[in-house]
**Q** 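Here it is, the structure in full.
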Amino acid sequence: MTTRVRFAPSPTGSLHLGSARTALFNWLFARSVSGEFLIRIEDTDAERSRPELIDQVFATLDWLGLDWDNRGDEPRQSQRAELYRAAVERLLAAGAAYACDCERSAVDERNAAAGRPPGYDGHCRDRDLSVGPDTVVRFATPDTGSVDIDDVVRGRVSFDCVNLEDFVIARSDGSVTFLLANAIDDAEMGITHVMRGEDLLNSTPKALLLRRALDGGEPPIFAHLPLIVGEGRKKLSKRRDDVAVENYRDAGYLPEGMVNYLALLGWGPKDGVEVRPTAEIIEQFSLEAINPSPAGFDPKKLAHVNAEKLRALDPEELLARSEPFLAAAPWGADDFDRDVFLAMAPEVQSRVKTLAEVPDMVDFLFLPQPLMDEGSVAKAITNNELAVPLLGAAIERFGSVEWTAEALHAATLELGEAHGVKLGKAQAPIRVAVTGRTVGPPLFEALELLGRATTIDRLRRALPPAAG
RNA sequence: GCCCCCAUCGUCUAGCGGCCUAGGACACCACCCUCUCAAGGUGGCGGCACGGGUUCGAAUCCCGUUGGGGGUGCCA
């Protein structure tokens with residue numbers, strides 16, 4: 001039997017980091033065993049589901065590079081209502097489910113009055129109500145016995161049936177809930193392994209009970225993934241944390257950076273090599289190596305992994321990936337010179353952690369005039385008594401020096417010596433005059449690319465009027 | 001409240017009874033390299049939650065405690 005896994009998002013929001021990690025692990029597992037990775041849309045809740053979000057989820061999975069094997073034919077639970085409804089009828093007919101017209105508040109009151117813990121009390125089990133617009137359908141869980149799950153990452157987990165309340169499988173409007181649709185579809189799609197977040201562990205015995213009641217056959221193997229937690233060791237939340245994968249894309253993270261980092265949350269390669277090509281991660285991946293404890297999301301490490309991926313790109317690739325960010329840069333399209341960019345690319349790569357930082361690293365090369373950073377100007381020019389003489393000397397010297405990074409480097413060194421300072425001090429005012437900042441890529445390479453005329457023009461402009 | 005899960009440096013992890021005076025990575029600190037800033041190199045800081053067992057031997061196995069988290073919906 002071929003291994004078959006699924007990722008079953010609910011289109012109620014943009015793709016969440018936790019969901020992306022779940023999708024990734026399913027995908028990694030499927031690819032590592034030459035199995036199938038399928039997608040199913042769990043939109044049984046008409047109130048919350050936003051159909052337009054489905055394409056967004058697909059787009060994000062595409063961006064991450066998680067290809068699925070039923071593309072274009074992803075089951076949508078909202079379109080399978082009849083199938084589910086038939087299952088509800090069967091359960092009803094078999095006496096495995098019953099109608100219930102209890103209001104939540106009534107249940108709570110009864111529990112409070114009787115001193116019982118919260119949860120449905122089975123009030124309607126034997127009332128023999130008929131199903132109608134004012135009733136839900138509940139599944140009658142066994143009163144005794146237990147449901148055991150042999151979870152790949154957690155070992156055997158046992159649930160006593162007495163603690164399993166009679167849960168709702170069909171709403172009063174006739175639609176079915178996730179538990180039922182999920183159990184039916186996993187059986188029907190021939191899913192062999194179910195990998196999902198640990199927050200679903202408690203619902204697993206219910207799914208198993210349903211599957212059994214519906215003669216769904218051998219249950220899948222379960223693997224409940226550790227939750228990804230945020231700052232306070234709590235489940236990542238939309239309020240506190242930046243959880244939308246799209247946000248990371250827009251912030252300049254590489255998909256392979258996200259994939260690599262996410263793969264490290266709850267799993268680690270045996271050989272300890274953390275940052276590596278996705279193909280290798282697939283090779284190394286194994287279900288048994290997933291660890292059960294919650295994993296904290298660390299933006300700093302994500303950034304580091306991303307930076308490593310960025311450095312691994314060749315210049316052409318960097319340019320291509322940077323395109324969206326360069327398009328939003330402050331210079332005109334005509335001012336951009338791809339050859340200049342490509343020449344500077346290696347220096348840019350070792351200095352940025354995200355694509356979003358790329359434009360700022362090269363803007364002075366394409367802008368008619370550099371963006372002058374106030375603090376930098378003050379520090380290196382205004383409040384630097386050596387700035388004027390140094391700049392003046394540079395204007396003089398750069399007029400005739402051979403225009404190569406090497407010669408410019410040597411010339412600036414000599415300029416510094418003549419004024420009693422080392423190269424570090426000597427290049428500072430020149431750097432600010434030409435690039436607008438005290439920090440940036442290597443100066444002399446940049447000057448070479450910029451050309452003699454532009455460089456000298458910028459040096460002149462940096463000189464105070466009186467001195468100029 | 002009840003049910004379930006988890007527990008190695010701040011964080012991600014290696015470790016699956018002796019190779020552990022616990023290894024790596026991120027972050028942090030120092031030094032080196034150096035035209036700034038990075039990158040890179042070297043070194044440093046820092047951890048098996050606690051208490052009982054089991055065993056010749058426990059980070060590793062068992063029990064308990066404590067702590068954390070998740071679930072407890074006509075959400076998924």
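Scope of the values below: all heavy atoms of this structure, side chains included, with no hydrogens, waters or symmetry mates. This one's a predicted model, so the numbers in the text were calculated from it and none came from an experiment.
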**Q** Using atom C1' of each nucleotide, how far apart are A14(B) and C48(B) to the nearest Å?
**A** 13 Å
**Q** Identify which one of Phe37(A), Phe285(A), Phe7(A), Trp267(A) satisfies the ring pair (Phe, Tyr, Trp, His ring centres under 6.0 Å) criterion when paired with Phe25(A).
**A** Phe285(A)
**Q** What distance separates Ile149(A) CD1 from Arg156(A) CZ, expressed to the nearest 0.5 Å?
**A** 10.0 Å
**Q** Between the base of C37(B) and the side chain of Arg351(A), is one N or O donor paired with an acceptor at under 3.5 angstrom?
**A** yes
**Q** Could you tell me whether Arg196(A) contacts a base, only the sugar-phosphate backbone, or nothing, with contacts defined as non-hydrogen atoms closer than 4.0 Å?
**A** nothing
**Q** Using atom C1' in both nucleotides, what's the gap between U8(B) and U42(B) to the nearest angstrom?
**A** 26 Å
**Q** With a cut-off of less than 4.0 Å, is there a side-chain N or O of Lys270(A) near OP1 or OP2 of G15(B)?
**A** yes
**Q** Rounding to the closest angstrom, what is the interatomic distance between C3(B) and G51(B) at atom C1'?
**A** 26 Å
**Q** Is there, by distance only and without an angle test, a donor paired with an acceptor across the side chain of Glu308(A) and the base of C26(B) below 3.5 Å?
**A** no
**Q** Considering only atom C1', compute the distance from C50(B) to C2(B) and round it to an integer number of Å.
**A** 26 Å
**Q** Regarding Arg171(A) and Ser175(A), is there a side-chain donor-to-acceptor distance under 3.5 Å anywhere?
**A** yes
**Q** Name the residue from Lys309(A), Arg321(A), Arg276(A) that meets the salt bridge (charged side-chain N to carboxylate O under 4.0 Å, His left out) definition with Glu256(A).
**A** Arg321(A)
**Q** Could you check which nucleotide pairs with C2(B) in any of the strands shown, counting Watson-Crick or G-U wobble with both distances under 3.5 Å?
**A** G71(B)
**Q** Counting distance alone, no hydrogens or angles: does the base of C35(B) have a donor or acceptor under 3.5 Å from a partner atom on the side chain of Thr412(A)?
**A** no
**Q** Quick one: does Glu198(A) reach the base of G71(B) with a side-chain donor-acceptor pair under 3.5 Å?
**A** no
**Q** Could you tell me the Watson-Crick or G-U partner of A7(B), where both distances fall under 3.5 Å? Say none if there is no partner.
**A** U66(B)
**Q** How far, in whole Å, is G69(B) from C32(B) if one measures between their C1' atoms?
**A** 44 Å
**Q** Taking the C1' atom of each, how far is U13(B) from A27(B), in whole Å?
**A** 15 Å
**Q** OP1 or OP2 of G69(B) less than 4.0 angstrom from a side-chain nitrogen or oxygen of Lys234(A), does that happen here?
**A** yes
**Q** Please give the distance between the P atoms of G68(B) and C62(B) as a whole number of Å.
**A** 24 Å
**Q** Should A22(B) form a Watson-Crick or G-U wobble pair with both distances under 3.5 Å, which nucleotide is its partner?
**A** none
**Q** Does any N or O donor sit under 3.5 Å from an N or O acceptor when you compare the side chain of Lys301(A) with the base of A25(B)?
**A** yes
**Q** Strictly by modelled atom types, are Asp166(A) and Thr141(A) linked by a side-chain donor-acceptor pair under 3.5 Å?
**A** yes
**Q** When only distance counts, do a donor and an acceptor, one from the side chain of Arg431(A) and one from the base of C35(B), lie under 3.5 Å apart?
**A** yes
**Q** Please check the phosphate of G15(B) (OP1 and OP2 only) for any side-chain N or O of Asn291(A) closer than 4.0 Å.
**A** no
**Q** Given C35(B), C74(B), C3(B), identify the nucleotide with an atom nearest to the side chain of Asn202(A).
**A** C3(B)
**Q** Could you tell me if the side chain of Asn306(A) sits less than 4.5 Å from the side chain of Tyr261(A), heavy atoms only?
**A** no
**Q** With rounding to whole Å, what would you report as the distance between C12(B) and G1(B) at their P atoms?
**A** 27 Å
